[in-house]
Amino acid sequence: MAFYIFLGFTILWFLFMTYLFHQDGEHTGRTSRELAEKLSFLDSDINILNGRLRRLAHVVVYAVLTVLLAITLKLGGYSLWLTAGTIVWGWADEASKPLVQGRHFSWLDVGLNVLGIAIGMIAVILIF
């Protein structure tokens, strides 16, 4: 039963993150700017805070995906090596951005995705 619960969480998280990362440039820019304005107590320069939040989003979202996927695989009796597929998605996610109006491919973002995956794997190693 726990396997199916985590499988559901993993699928929902994947769909949520894919939706967020594939909004058009206008919407994603507005969303991150509104968040930066709400968190303006963290930094007086909204533009700098906005950039940091956008970069941090890649790391956090991919770390969560990796942890959820690893837990799901472990509960299902599958090899944790299958989490390596997240690296492929971390690149493919960015590679598909030029298909979205106002978005572009960024190697920096691919690197941030992979950093999130690495942090997620470290958390998994500590959990298991």
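The environment of OH in Y19 is sparse: at most 12 heavy-atom neighbours from other residues, nucleotides or ligands sit within 6.0 Å. Around the NZ atom of K97, the shell of radius 6.0 Å holds more than 12 heavy atoms that belong to other residues, nucleotides or ligands. The environment of W89 atom CH2 is dense: over 12 non-hydrogen atoms of other residues, nucleotides or ligands sit within 6.0 angstrom.
Annotation: side chain of P98 is not in contact with side chain of H104 (no heavy-atom distance under 4.5 Å). Between V61 and F21, the closest side-chain pair of non-hydrogen atoms falls below 4.5 Å. For the pair Y78 and F3, the minimum side-chain heavy-atom distance is below 4.5 Å. The closest side-chain heavy-atom distance from D93 to Y62 is below 4.5 Å. Side-chain atoms of V124 and T83, non-hydrogen and from C-beta on, never get closer than 4.5 Å to each other. Using a 4.5 Å heavy-atom cutoff, the side chains of V64 and M17 are not in contact. Residues H22 and S96 are in side-chain contact: their nearest non-hydrogen atoms beyond the backbone lie under 4.5 Å apart. D43 has its side chain within reach of R52: a pair of non-hydrogen atoms, C-beta onward, lies under 4.5 Å apart.
Distance CG/N113 to OG1/T66: 9.5 Å, rounded to 0.5 Å. For the atom pair CG (L20) and CG (L15), the distance works out to 11.0 Å, reported to the nearest 0.5 Å. Residue L42 holds its CG atom at 7.5 Å from CG of L53, rounded to the nearest 0.5 Å.
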#### Entry: Worked verdict on E34 versus K38 for salt bridge (charged side-chain N to carboxylate O under 4.0 Å, His left out)
CA-CA 6 Å; E34 287 172 2; K38 290 177 183 171; 5.5 Å; no

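The two residues L108 and R55 come nearest to each other via the heavy atoms CD2-CD, 4.2 Å. For L68 against T10, the heavy-atom pair with the smallest separation is O-OG1, 3.3 Å. Summarising the geometry of V59 relative to L112, their closest heavy-atom pair is CG2-O, 3.6 Å, with the distance given to 0.1 Å. The two residues T28 and R54 have their closest heavy-atom pair at O-NH1, 3.3 Å. Minimum interatomic distance between D24 and R103 (heavy atoms only, all atoms of both residues): C-CD, 4.1 Å. Here the shortest heavy-atom pairing between S40 and I46 reads CB-CD1, 3.4 Å.
When the side chains of ILVMFWY residues are joined at heavy-atom separations under 4.5 Å, either directly or via intervening members, I122 and V67 end up in two distinct hydrophobic clusters. When hydrophobic clusters are built by joining Ile, Leu, Val, Met, Phe, Trp and Tyr residues whose side-chain heavy atoms come closer than 4.5 Å, directly or via intermediates, F128 is grouped together with L75. Hydrophobic clustering of Ile, Leu, Val, Met, Phe, Trp and Tyr side chains at less than 4.5 Å, counting indirect connections, keeps L69 apart from L12. Under the 4.5 Å side-chain heavy-atom criterion for Ile, Leu, Val, Met, Phe, Trp and Tyr, V60 and I87 are members of the same hydrophobic cluster. Hydrophobic clustering (side-chain heavy atoms under 4.5 Å, transitive across Ile, Leu, Val, Met, Phe, Trp, Tyr) keeps V88 apart from F105.
Panel note: side chain S32, backbone N50; no donor-acceptor pair is recorded below 3.5 Å.
Between E26 and R30 there is a salt bridge, since at least one side-chain N of the basic residue sits less than 4.0 Å from a carboxylate O of the acidic one.
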